[in-house]
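By convention in this document, chain letters (A, B, ...) are assigned in the order of the sequence lines, proteins followed by strands, and residues within each chain are numbered from 1. As the structure is a computational prediction, the values presented were derived from the model and not from experiment.
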Amino acid sequence: MLQVKRIREDKKTIVNGLRKRNWTARQIKILDDILKADDERRALQKQVDDLLAENKRLSAQIGQLMAQGKRDEAEQLKSQVATQKESIRQLEERSEAVKQHLESLLYTVPNCPHRSVPKGKSTEDNKVFRDWAKPFPTLPPDALAHWDLAKKYNLFDFELGVKLTGAGFPVYRGKGAKLQRALIQFFLEENIKAGYEEILPPHLVNEDTARGTGQLPDKEGQMYVCERDGLYLIPTAEVPVTNLLRDVIVPEKDLPVAYTAYTPCFRREAGAWGAHVRGLNRVHQFDKVEIVRIEHPDRSYKALMEMVRHVQRLMGKLELPYRILLLCGGDMGFTSAKTFDFEVWSGAQQRWLEVSSVSNFETFQSYRLQLRYRDADGKIHLAHTLNGSALALPRIVAALLENNQTPEGIRIPKALHKYTGFKMIS
RNA sequence: GGAGAGGUGCCGGAGUGGUCGAUCGGGCUUGACUCGAAAUCAAGUGUACUCUUACGGGUACCGUGGGUUCGAAUCCCACCCUCUCCGCCA
């Protein structure tokens, strides 16, 4: 959520940002509605506060009069206070309504893209930040897609998943299962080496937590809900891990905070279409290792690049062809100020698959989380939050299987050998 | 699931209707003393919203939400959470 203060003080920047997100002049008018609602809120607040102060003063007087035994005077004041109480109640009601209106308006405004974010309407306008310079692996014309390879080598089974749960819940088995475990282990170890503290959080969260990272109130439909207990299955480790610092004021010297976490991710995911969602390309439950950082605003963009480089190293070690995209305003997530996407080349599907998204949210998340730091002067400021996948498994697995298929079997990249215990799937 | 105890500031812990945003102790910060440290002494030490050019004010917050009252941390109701014991269980 954007701060009203920022809209008031730096409206021009916000307007430009929203244009980058292809907001029309008419849509942008909402900023004026927000400022108007905020003016109203402040005026009402002043009125209420003044009346409350007056009442407080009178009540103290009543106490004194009672102590002095001046009952009649006290009674007189009592009725005066009682009258005011009614007008306070009415004002408070209005004030509450205005606040809610203001908040509902704010919820509709996405984060303001960083000035380096390119304009653009869709995925086609994303800038290739770093392309794959080397040739793609050459596969025989009869190369199999990962879903066929999975059948051939008995790595995972979608039908069994349907039997147990439903579509989009694969059952991994044998070397397929072990490959999952190896990847998770590999990612975690690499992240820990890079200075991230490992967190193993709960996989279900309460409403406050879901609200903290913005899953609620809008994106309720994308999560699985345990209604009876008021709990939500996490769509990403970002949710519990970022919330670790909800309502916390971190001393400046403790920044940056860096976490990594493996969790399964649960996504209800509305749309499903054609071959693009076949196999592991899109599932309801998948495994992901996430990295999260809490940064000083002055160095959050430096941190973003550090995270990008870190993910690059992971991709390199996996020996997979990849490219990095700088997302354009139109393709960026609602909460992000700047996002880099990592895509891996799938040789058999002949297309790029998104495997990681690394973003700086600036204060968009921390405002709602009330995640702040205290500087050397004791002043309190919102921290910047960043996160990225390092990495999401399914499409990595898809690319790994497809690109590395040989007549003898599927070759496992060297970096994984010590975790898999095997060098080939055959 | 049953019984009991309890939820107050960074921590411990007072406070059972009026001047309590909250005694006190610890911690932390600053200053004094010291070559330095410890000890000691002194001062300071919540957050949000809001008014003011500023100095400095105002309001709210004692688990959450309601209620009683001129006035609530304090009384009443509901809910949530934590701890102890019992039951069940990996």
Side-chain angles (χ1 to χ4, degrees), chain A residues 1-9 34-106 200-212 216-217 225-232 240 243-255 257 363 365-383:
Chain A
M1 196 160 55
L2 284 180
Q3 297 169 87
V4 179
K5 203 172 75 181
R6 198 168 151 210
I7 298 176
R8 175 170 291 115
E9 288 166 4
I34 286 171
L35 291 180
K36 216 175 103 193
D38 190 53
D39 287 342
E40 201 180 344
R41 176 191 67 89
R42 291 201 292 182
L44 282 168
Q45 162 121 36
K46 177 98 180 90
Q47 284 182 55
V48 170
D49 282 358
D50 287 350
L51 281 175
L52 281 172
E54 171 76 0
N55 260 12
K56 217 172 150 179
R57 206 175 51 76
L58 291 177
S59 291
Q61 249 179 54
I62 292 169
Q64 275 177 353
L65 290 173
M66 296 292 261
Q68 293 163 11
K70 299 179 182 167
R71 285 194 160 270
D72 294 349
E73 287 178 53
E75 286 304 323
Q76 215 176 347
L77 278 182
K78 271 192 197 183
S79 59
Q80 192 183 335
V81 174
T83 328
Q84 279 195 2
K85 239 176 100 172
E86 177 54 21
S87 46
I88 290 176
R89 202 191 55 77
Q90 283 178 11
L91 277 171
E92 273 179 336
E93 217 167 80
R94 262 179 61 201
S95 168
E96 196 48 45
V98 170
K99 264 190 216 162
Q100 270 180 27
H101 175 60
L102 175 62
E103 186 159 90
S104 69
L105 290 177
L106 279 171
L200 182 56
H203 301 162
L204 279 80
V205 295
N206 60 29
E207 198 179 306
D208 285 344
T209 299
R211 194 174 299 280
L216 294 179
V225 189
C226 304
E227 215 160 299
R228 199 171 160 173
D229 301 292
L231 298 175
Y232 301 82
N243 268 279
L244 290 174
L245 292 174
R246 167 158 50 91
D247 294 322
V248 171
I249 300 171
V250 184
E252 189 175 3
K253 64 174 167 53
D254 289 355
L255 295 177
V257 177
T363 59
Q365 281 187 328
S366 60
Y367 179 47
R368 194 157 6 168
L369 285 162
Q370 286 297 296
L371 195 180
R372 294 164 293 170
Y373 70 93
R374 190 187 300 276
D375 68 19
D377 299 330
K379 290 236 166 60
I380 290 168
H381 313 272
L382 292 172

Take A:Gln365 and A:Leu371 through the test side-chain contact (heavy atoms from CB on, under 4.5 Å) and record every step on the way to the result.
CA-CA 8 Å; A:Gln365 281 187 328; A:Leu371 195 180; over 6 Å; no
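The partner of B:C70 is B:G18, by the rule that a Watson-Crick or G-U pair needs both atom distances under 3.5 Å. As the counterpart of B:A42, B:U30 is assigned, both hydrogen-bonding distances of the Watson-Crick or G-U wobble pattern falling under 3.5 Å. Across all strands shown, B:C35 has no partner, as no Watson-Crick or G-U wobble contact with both distances under 3.5 Å is found. Look at B:U23: it lacks any Watson-Crick or wobble partner with both distances under 3.5 angstrom. Checking B:U84 for Watson-Crick or G-U wobble geometry (two distances, each under 3.5 Å) identifies B:A3 as its partner. Base pairing of B:A60: its partner is B:U47, meeting the Watson-Crick or G-U wobble criterion (both donor-acceptor distances under 3.5 Å).
The same atom, P, is picked in B:U64 and in B:C11; the two are 15 Å apart, to the nearest Å. Rounded to whole Å, the separation between the P atoms of B:U29 and B:A38 comes to 10 Å. Comparing B:A14 with B:C24, their C1' atoms are spaced 7 Å from each other, to the whole Å. Taking atom C1' on both nucleotides, B:C35 is separated from B:U19 by 50 Å, rounded to a whole Å. Remark: the separation of the P atoms in B:G9 and B:C61 is 15 Å, to the nearest Å. B:U8 sits 14 Å from B:U74 when the P atoms are compared, rounded to a whole Å. Rounded to a whole angstrom, the distance from the P atom of B:C28 to that of B:G67 is 44 Å. Rounded to whole Å, the C1' atom of B:C62 lies 16 Å from the corresponding atom of B:C10.
How far OG1 of A:Thr363 is from CE of A:Met1: 10.5 Å, rounded to the nearest 0.5 Å. If you take CG on A:Leu382 and CZ on A:Arg372, they are separated by 7.0 Å, rounding to the nearest 0.5 Å. Separating the CG atom in A:Asp208 from the CG atom in A:Asn243 is a distance of 8.5 Å, to the nearest 0.5 Å.
Residues that satisfy the side chain to side chain contact (heavy atoms under 4.5 Å, CB included) test with A:Asp72, not counting sequence neighbours, are absent from this structure. The ring-ring contact (aromatic ring centres under 6.0 Å, His included) test applied to A:His203 returns no partner, not counting sequence neighbours. Annotation: side-chain hydrogen bond (donor to acceptor under 3.5 Å, both in side chains) contacts of A:Arg41 (sequence neighbours excluded): A:Asp38. Taking A:Arg211 as the reference, A:Glu207 meet the side-chain hydrogen bond (donor to acceptor under 3.5 Å, both in side chains) condition, with sequence neighbours excluded. By the side-chain hydrogen bond (donor to acceptor under 3.5 Å, both in side chains) test, A:His101 is found to be paired with no residue, residues two or more places apart in sequence or in another chain being considered. For A:Tyr232, there are no ring-ring contact (aromatic ring centres under 6.0 Å, His included) partners two or more places apart in sequence or in a different chain.
Contact check of residues 38-53 of chain A against RNA chain B (heavy atom, cut-off under 4.0 Å) returns A:Arg41, A:Arg42, A:Gln45, A:Lys46, A:Asp49, A:Leu52, A:Ala53. Within residues 75-83 of chain A, the residues approaching RNA chain B are A:Lys78, A:Val81, by heavy-atom distance under 4.0 Å. Within residues 85-93 of chain A, the residues having any heavy atom closer than 4.0 Å to RNA chain B are, in order of number, A:Lys85. Using a 4.0 Å cut-off on heavy atoms, none of the residues of residues 200-211 of chain A approach RNA chain B.
At whole-Å resolution of the value, CD in A:Gln370 and P in B:U47 are 12 Å apart. Rounded to whole Å, the distance from CG on A:Asp377 to P on B:U30 is 13 Å. If you take CD of A:Gln3 and P of B:C49, they are 9 Å apart, rounded to a whole angstrom. Atom CG in A:Asp247 sits roughly 12 Å away from atom P in B:U64 (whole-Å rounding). Atom CG of A:Leu58 is separated from atom C1' of B:U69 by 15 Å (rounded to the nearest Å). The distance from atom CG of A:Asn55 to atom C1' of B:A72 is 15 Å, rounded to the nearest whole Å. Put simply, CD on A:Glu103 is 13 Å from P on B:C49, counting in whole angstrom units.
The shortest distance between side-chain heavy atoms of A:Leu231 and A:Val205 does not fall below 4.5 Å.
When each of A:Gln64 and A:Ile249 is assigned the nucleotide of RNA chain B with its nearest heavy atom, A:Gln64 is the one assigned upstream, toward the 5' end. Of the two residues near RNA chain B, A:Ala60 and A:Tyr367, the one whose nearest nucleotide lies more 5' is A:Ala60.
In this structure, A:Asp377 contributes its side chain and A:Lys379 its backbone to no donor-acceptor pair below 3.5 Å. Remark: side-chain polar atoms of A:Ser95 are not paired, donor with acceptor, to backbone N or O of A:Leu44 under 3.5 angstrom.
Counted within 6.0 Å of CZ on A:Arg94, heavy atoms from surrounding residues, nucleotides or ligands total 12 or fewer; the atom is thus considered open.
Side-chain proximity of A:Lys56 to the nucleotides B:A48, B:U19, B:U59 is greatest for B:U59.
A:Arg374 has a side-chain polar atom (N or O) that falls below the 4.0 Å cut-off from OP1 or OP2 of B:U47.
Within the structure, salt bridge (charged side-chain N to carboxylate O under 4.0 Å, His left out) contacts touching residues 50-68 of chain A (residues at least two apart or in different chains) are A:Lys46-A:Asp50, A:Glu54-A:Arg57.
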Which donor-acceptor pairs under 3.5 Å do the side chains of residues 78-92 of chain A make with protein atoms, sequence neighbours left out?
{"from": "A:Ser79", "atom 1": "OG", "to": "A:Gln76", "atom 2": "O", "distance (Å)": "2.8"}
{"from": "A:Thr83", "atom 1": "OG1", "to": "A:Ser79", "atom 2": "O", "distance (Å)": "2.6"}
{"from": "A:Thr83", "atom 1": "OG1", "to": "A:Gln80", "atom 2": "O", "distance (Å)": "3.4"}
{"from": "A:Glu86", "atom 1": "OE1", "to": "A:Arg89", "atom 2": "NE", "distance (Å)": "3.4"}
{"from": "A:Glu86", "atom 1": "OE2", "to": "A:Arg89", "atom 2": "NH2", "distance (Å)": "3.2"}
{"from": "A:Glu86", "atom 1": "OE2", "to": "A:Gln90", "atom 2": "NE2", "distance (Å)": "3.3"}
{"from": "A:Ser87", "atom 1": "OG", "to": "A:Gln84", "atom 2": "O", "distance (Å)": "2.8"}
{"from": "A:Arg89", "atom 1": "NH1", "to": "A:Glu93", "atom 2": "OE2", "distance (Å)": "2.9"}

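In this structure, A:Arg57 reaches neither bases nor backbone, as no heavy-atom distance under 4.0 Å exists between it and the strands shown.
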